[in-house]
Protein chains: 2
Amino acid sequence: MLSYTEENYLKALLKISFAHGDLGVGTNELATVLAVKPATANDMLKKLKEKELVDYEKYGKIRLTASGKKRGIDVIRKHRLWETFLFKKLEFSWDEVHEVAEQLEHIQSEKLVDKLDKFLDYPEFDPHGDPIPNKKGELKVQFKKTLADVAVGSSCKMVAVKDNSSSFLQYVVKVGLGINNEISVVSKQDYDALTVIKVNGVKSSVSQKFAENIFVVCNNCVVGKSCPKTKCEIK
Amino acid sequence: MLSYTEENYLKALLKISFAHGDLGVGTNELATVLAVKPATANDMLKKLKEKELVDYEKYGKIRLTASGKKRGIDVIRKHRLWETFLFKKLEFSWDEVHEVAEQLEHIQSEKLVDKLDKFLDYPEFDPHGDPIPNKKGELKVQFKKTLADVAVGSSCKMVAVKDNSSSFLQYVVKVGLGINNEISVVSKQDYDALTVIKVNGVKSSVSQKFAENIFVVCNNCVVGKSCPKTKCEIK
DNA sequence: TTTATTTATTAGATTAGTCTAACTTTATTA
DNA sequence: TAATAAAGTTAGACTAATCTAATAAATAAA
Ligand SMILES: [Mn+2]
Ligand SMILES: [Mn+2]
Ligand SMILES: [Mn+2]
Ligand SMILES: [Mn+2]
């Protein structure tokens with residue numbers, strides 16, 4: 001049985017791995033994500049190594065073992081199922097679900113997770129567009145392309161958000177954006193990449209930082225695979 | 001913000017108070033209920049007194065303050081709402097809900113509790129027949145009379161169970177009993193109070209211990225008040 | 001290739017919650 | 001009422017998770 005804290009370390013390691021491929025994770029990086037000091041993370045990593053949930057050499061990069069990865073995915077599965085429950089069944093808005101799911105993800109009951117999954121009719125994506133791992137731990141490939149990659153004159157579909165903070169999510173709503181919306185890129189400033197987009201006929205300006213936090217696909221893209229079109233409008 | 005552990009102490013104090021009226025709680029008693037040593041309970045009681053959640057003199061009986069009581073009732077409210085959710089929405093059986101609710105009762109989100117309450121359509125009783133406190137903390141009076149109090153030849157209605165353990169609940173089902181069932185007391189042994197009851201036309205023998213764990217009302221009893229009938233068949 | 005900077009580790013301390021063992025106070029009973 | 005038993009408290013120790021401050025190793029810059 002893993003502690004609340006151990007589960008959070010595994011989840012953080014997994015999320016960092018998703019973000020930057022195969023080249024292991026650093027102690028400081030992990031500590032930053034978990035908002036603890038490197039010394040603290042270092043202590044915990046020793047314990048996780050002892051339990052064979054992570055593997056690394058002293059002063060080397062950290063990687064999850066197969067079992068560590070499975071445990072981490074289970075936590076993410078629970079997190080996203082609970083977010084979906086709060087959003088779909090309890091009328092929470094998409095910027096409110098994350099905080100509560102941070103607590104709910106640590107409830108230990110396999111039956112509860114499976115029943116919740118069934119109750120929600122086996123959802124594939126959470127309210128932020130993130131894929132929900134299934135019972136076996138299989139996870140749809142995460143999205144890679146963002147609104148910042150879309151060429152001027154092209155259009156795309158918003159599929160997820162990268163930043164899950166309540167402030168960003170509320171801003172997204174204010175700009176008139178949401179999951180599955182069609183976005184046209186009207187123009188882009190050379191100097192600072194300030195971008196004019198059109199959503200449902202309404203134009204707005206968004207910053208580079210904003211655009212990088214909106215995951216999109218082009219209309220020919222196959223989610224999780226490369227675009228079959230020879231000249232995809234998205235890099 | 002109360003810790004997981006502090007919440008459990010308040011809940012335990014409240015439950016013991018419910019069980020034996022106004023005469024405060026003892027350290028050893030509390031320790032037994034929480035499955036810790038008296039020394040441990042003593043340490044925690046000092047902290048709770050410091051936070052003005054309980055009140056007592058050294059070597060004296062312990063009582064919850066108004067605010068301690070409110071916090072304890074909130075935990076019970078959450079526990080029973082979650083049990084109801086698991087039972088009504090996720091197809092858990094009544095002997096499975098308690099264990100998971102022990103975890104869920106510590107999730108901190110007032111909004112979650114209120115939304116859950118609404119989602120369940122403001123239930124008044126949990127799957128074990130126990131009353132669910134409302135948002136204000138108002139709690140229906142607990143049941144007092146048990147099957148062991150019912151006179152031979154009389155009948156009564158089962159309204160709740162005292163013991164919430166999975167083994168007892170499964171036994172109750174095996175005997176053919178459930179909440180709201182009509183029970184006739186056919187006979188009772190003088191020697192050991194072994195009782196023959198009839199439920200839905202089927203006779204069974206139950207021990208005194210068993211009978212004392214089934215809360216009942218007579219058909220004239222008004223829940224939470226005394227029976228208006230001059231000669232109530234239940235003491 | 002030294003030096004400086006960043007990254008990682010260790011040592012020692014703290015807090016919450018728990019324990020055992022010894023001791024004190026209150027309650028029971030002979 | 002005095003002896004005994006039960007209930008409650010204290011002292012000292014342990015673990016998990018955290019911190020600060022000092023140190024060591026690896027990397028980047030000069
Ligand atoms: Mn989230
Ligand atoms: Mn999410
Ligand atoms: Mn329960
Ligand atoms: Mn219950």
Practice task
Using a cut-off of strictly less than 4.0 Å, decide whether B/Tyr9 has a side-chain nitrogen or oxygen near OP1 or OP2 of C/dT18.
Solution key: yes
Problem - Nearest atoms (heavy-atom pairs only) where A/Leu64 meets A/Val54 - result: CD2-CG1, 4.0 Å
Exercise for the section: Just jot down the ring pair (Phe, Tyr, Trp, His ring centres under 6.0 Å) partners of B/Tyr171, sequence neighbours excluded, or say none. Expected result: B/Phe210
Completion exercise
The correct set of residues in residues 23-40 of chain A placing a heavy atom under 4.0 Å from DNA chain C is A/Gly26, A/Thr27, A/Asn28, A/Pro38, A/Ala39
Exercise for the section: Would you kindly give the CD-to-P distance between B/Glu7 and C/dG17, to the nearest whole Å? Expected result: 11 Å
Handout entry: Name of the residue among A/Asp126, A/Asp117, A/Asp130 meeting salt bridge (charged side-chain N to carboxylate O under 4.0 Å, His left out) with A/Arg77
Key = A/Asp117
Practice task
Return the nearest nucleotide to the side chain of B/Met44; candidates are C/dA8, C/dG17, D/dT18.
Solution key: C/dG17
Handout entry: Length of the OH-C1' vector between B/Tyr56 and C/dT26, whole Å
Key = 16 Å
Handout entry: Neighbours of DNA chain C within residues 45-53 of chain A, by heavy-atom distance under 4.0 Å
Key = A/Lys46
Problem - Closest nucleotide among C/dT24, D/dA17, C/dT18 to the B/Asp43 side chain - result: C/dT18
Handout entry: Salt bridge flag under 4.0 Å for residues B/Lys61 and B/Glu29
Key = no
Completion exercise
When A/Leu34, A/Thr32, A/Val33 are each screened for side-chain contact (heavy atoms from CB on, under 4.5 Å) with A/Val36, the one that passes is A/Leu34
Exercise for the section: Answer with yes or no after comparing the ring centroid distance for A/Phe85 and B/Phe85 against a 6.0 Å cut-off, counting only values under it. Expected result: yes
Handout entry: Cationic N near anionic O, under 4.0 Å, B/Glu6 to B/Arg71
Key = no
Exercise for the section: Please say whether the positively charged group of A/Lys115, taken as NZ for Lys or CZ for Arg, lies over the ring of B/Phe92, i.e. under 6.0 angstrom from the six-membered ring centre and within 45 degrees of the axis. Expected result: no
Handout entry: Distance, rounded to the nearest Å, where A/Asn42 contributes CG and D/dT18 contributes P
Key = 13 Å
Fill in the blank from the handout: pair_partner(C/dA30), Watson-Crick or wobble, both distances < 3.5 Å, evaluates to D/dT1
Practice task
Indicate yes or no: does A/Glu110 engage A/Lys135 in a salt bridge with an N to O separation below 4.0 Å.
Solution key: yes
Practice task
Return the value, rounded to whole Å, for the distance between atom OH of A/Tyr59 and atom C1' of C/dT9.
Solution key: 4 Å
Problem - Presence of B/Ser3 side-chain N/O under 4.0 Å of C/dA16 phosphate oxygens OP1/OP2 - result: no
Exercise for the section: Compare side-chain N and O positions of A/Lys58 against OP1 and OP2 of D/dA26 and report whether any pair is under 4.0 Å apart. Expected result: no
